[in-house]
Number of protein chains: 2
Amino acid sequence: MNPMMTTLLDRRSVRAYQERPIPAAVREEILRAVLRAPTAGNMMLYSVIEIAAQPLKERLAETCDHQPFIAAAPWVLLFLADYQRWFDYFEHCGVPEYCAAKGQAMRRPAEGDLFLACCDALIAAQTAVVAAESHGLGSCYIGDIMENYEIHRELLQLPQYVFPITMVCFGYPTEQQRARRQPPRFPMEAVVYRDGYRRLNGDDFAAMFRETAEREFHNQPFIGDTANIGQHMYVRKFNAGFMLEMNRSVRAILRAWREEE
Amino acid sequence: MNPMMTTLLDRRSVRAYQERPIPAAVREEILRAVLRAPTAGNMMLYSVIEIAAQPLKERLAETCDHQPFIAAAPWVLLFLADYQRWFDYFEHCGVPEYCAAKGQAMRRPAEGDLFLACCDALIAAQTAVVAAESHGLGSCYIGDIMENYEIHRELLQLPQYVFPITMVCFGYPTEQQRARRQPPRFPMEAVVYRDGYRRLNGDDFAAMFRETAEREFHNQPFIGDTANIGQHMYVRKFNAGFMLEMNRSVRAILRAWREEE
């Protein structure tokens, strides 16, 4: 197996880091790889904010579902879906006047533009994660950056056409993290289909959760008064406070994105 | 520089492939790497559809903005943001009854859940792209899969809580593609910020487009009656038919996602 495949197959999230800082040359190399990530129409519909200031890290550790390890991460990158840069450039280039001369209004970024920009931002983020792994750096995605939009908008001076889609913490893994076993994943048949979508049935679900049931729920009761993995996950994840907040916050971002200024 | 970094830095999109098929063992290895991609809460909120049937490839080559090279790609993977599998599992596990006993309605996937699932799907897609590169395979993202939702929904039997967020074509690059120069990217200062967002000004834009202007617009006139790069890109990309269709289609997906069935 080639070394890149080994790196990808051995990957696990790392939430505890050595205090050892990441050399500037390594960070620079990772960011250069990010700039080479595939991007729709070569438009680079994303931006990256390095979270360098410690007080800012500490604030984000709170606003991103109270995860103190974020404040202890040696390097934190926020990935933004970004149409603001292009929108500002269009204005700079006189596109509003060009449109007005044709009796049209300049189109503003809408939902499709946003999702395409999210693609760019996430492809860039995973490129950073893979580049970091090649340098022995562990990482952890923070989807919770989609929560508390109003706070993050002010904290990071986010303009209208910018969507904080994900954040990633990086650092050299502690010995304990390095030794941690990979969590189980669903088997391939449950995730990879052929030529069309396939709704799963009871037998499929049994196979899908076999390893999870054995490894994660063997000696551990389900949360509260739930009776099985599905009910447990509904309460613990899908209907948990952080997901309700993420849904509220994302709706607010979508509203802001669609507002005519 | 380590081989992974070299691979990431040398990467370019490949749209012309040798006829040489991709060995099953290589495809399997790439898919195993996909299953190991980071995923929110280990929930695997994505699915992959292998587009194997030739007539289906040909149809998608049409519906994804008329790009014949899609039909000629030896391997095509569609990445879905997928909450349907979990929603079906919740129902299978009696979550509706569990909620009803508490006098509550079971929550349905909303916008925040969708964006989180898009993160998973795109992280998986870029993992596949990187794994493929390690095997000498070129690839090209097809964002146009977000267009023509109604057609794709029927063609691929997509249920309500599934969003076709991206598609990727894979194949061994032709000699010509291998020799192709990498397109220019914006300089790092235009994309990577520190501790907050930075709106760019005229000087920034000049620096940002210097290489593009020299390489892409040196001998080539702007499209139609446009007068500069910004106006050209507005007409050629942002306000082009395929982007208008993508915006219409994504709005339809969002409506379907929010419909109470």
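So you know, we letter chains A, B, ... as the sequences are listed, proteins then strands, and number each from 1.
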Exercise. Does the side chain of A/Gln126 come within less than 4.5 Å of B/Val129's, by heavy atoms?
Worked result: no

Exercise. Under 3.5 Å, is there a donor-acceptor pair between the side chain of A/Arg251 and the main chain of B/Ala110?
Worked result: no

For this session: Would you please test A/Arg85 and B/Val191 for side-chain contact (heavy atoms from CB on, under 4.5 Å) and show each step?
Result: CA-CA 9 Å; A/Arg85 185 167 49 229; B/Val191 178; 4.2 Å; yes

For this session: For a side chain to side chain contact (heavy atoms under 4.5 Å, CB included) with B/Asn247, tell me which candidate from A/Asp113, A/Leu114, A/Leu116 qualifies.
Result: A/Asp113

Exercise. B/Ala105 and A/Tyr234: which non-hydrogen atoms are nearest, and at how many Å?
Worked result: O-OH, 4.0 Å

Exercise. In terms of heavy-atom proximity below 4.5 Å to chain B, should A/Leu35 be classed as side chain, backbone, both, or neither?
Worked result: both

Problem set entry | Proximal component of A/Ile142, with respect to chain B [non-hydrogen, under 4.5 Å] | neither

Problem set entry | For B/Pro38 against A/Arg11, the heavy-atom pair lying closest together | CG-NH1, 3.2 Å

For this session: Measure distances from A/Ala53 to the heavy atoms of chain B and classify the residue's part below 4.5 Å as side chain, backbone, both or neither.
Result: both

Exercise. Taking atom OG1 of B/Thr6 and atom CE of A/Met4, what is their separation to the nearest 0.5 Å?
Worked result: 9.5 Å

For this session: Kindly give the heavy-atom pair with the smallest separation between A/Cys119 and B/Leu122, and that separation in Å.
Result: CA-CD1, 3.6 Å

For this session: Examine whether an atom of A/Val250 lies under 4.5 Å from a heavy atom of chain B, and if so say whether it belongs to the side chain, the backbone or both; otherwise answer neither.
Result: side chain

Problem set entry | Side-chain (A/Gln231) to main-chain (B/Cys93) donor-acceptor, under 3.5 angstrom | yes

For this session: Over all heavy atoms of both residues, which pair between A/Pro159 and B/Arg199 is shortest? Give the atoms and the distance, please.
Result: CB-NH1, 3.4 Å

Exercise. Can you check side-chain contact (heavy atoms from CB on, under 4.5 Å) on B/Arg185 and A/Thr39, steps first, answer last?
Worked result: CA-CA 10 Å; B/Arg185 293 282 202 252; A/Thr39 155; 3.5 Å; yes

Problem set entry | Atom group of A/Ala125 that falls short of 4.5 Å from chain B, counting heavy atoms | neither

Exercise. With only heavy atoms counted, which part of A/Val34 is less than 4.5 Å from chain B, the side chain, the backbone, both or neither?
Worked result: neither

Exercise. Can you name the residues that form a ring pair (Phe, Tyr, Trp, His ring centres under 6.0 Å) with B/Tyr141, not counting sequence neighbours?
Worked result: none

Exercise. Would B/Leu200 and A/His92 count as a side-chain contact (heavy atoms from CB on, under 4.5 Å) if you check the C-alpha gap in whole Å, the side-chain angles of each, and the deciding distance to 0.1 Å?
Worked result: CA-CA 10 Å; B/Leu200 303 188; A/His92 173 75; over 6 Å; no

Exercise. Which answer fits B/Met233, side chain, backbone, both or neither, if we ask what part of it has an atom under 4.5 Å from a heavy atom of chain A?
Worked result: both

For this session: Could you check if a side-chain atom of A/His135 sits within less than 4.5 angstrom of a side-chain atom of B/Met5, using non-hydrogen atoms only?
Result: yes

Exercise. In terms of the angle between their ring planes, are B/Phe115 and A/Phe163 parallel, tilted or perpendicular, with boundaries placed at 30° and 60°?
Worked result: parallel

Exercise. Where is the tightest heavy-atom contact between A/Glu28 and B/Met188, given as atom of each residue plus distance?
Worked result: O-CE, 4.2 Å

Exercise. Contact part of B/Cys99 toward chain A, heavy-atom cut-off under 4.5 Å: side chain, backbone, both or neither?
Worked result: side chain

For this session: Compare every heavy atom of B/Asn42 with every heavy atom of A/Pro183, then report the nearest pair and how far apart it is.
Result: CB-ND2, 3.6 Å

Problem set entry | Centroid-centroid under 6.0 Å between B/Phe238 and A/Phe90 rings | yes

Exercise. When rounded to the nearest 0.5 angstrom, what is the spacing between CG in A/Leu78 and OH in B/Tyr197?
Worked result: 11.5 Å

Exercise. What residue pairs, at least two apart or across chains, pass salt bridge (Lys or Arg N to Asp or Glu O under 4.0 Å) with a residue in residues 224-239 of chain A?
Worked result: A/Asp225-B/Lys102

For this session: Using the side-chain contact (heavy atoms from CB on, under 4.5 Å) rule, take A/Leu8 and B/Arg36 through it: C-alpha gap first, then chi angles, then the decisive distance, then the call.
Result: CA-CA 7 Å; A/Leu8 295 175; B/Arg36 274 290 146 208; over 6 Å; no

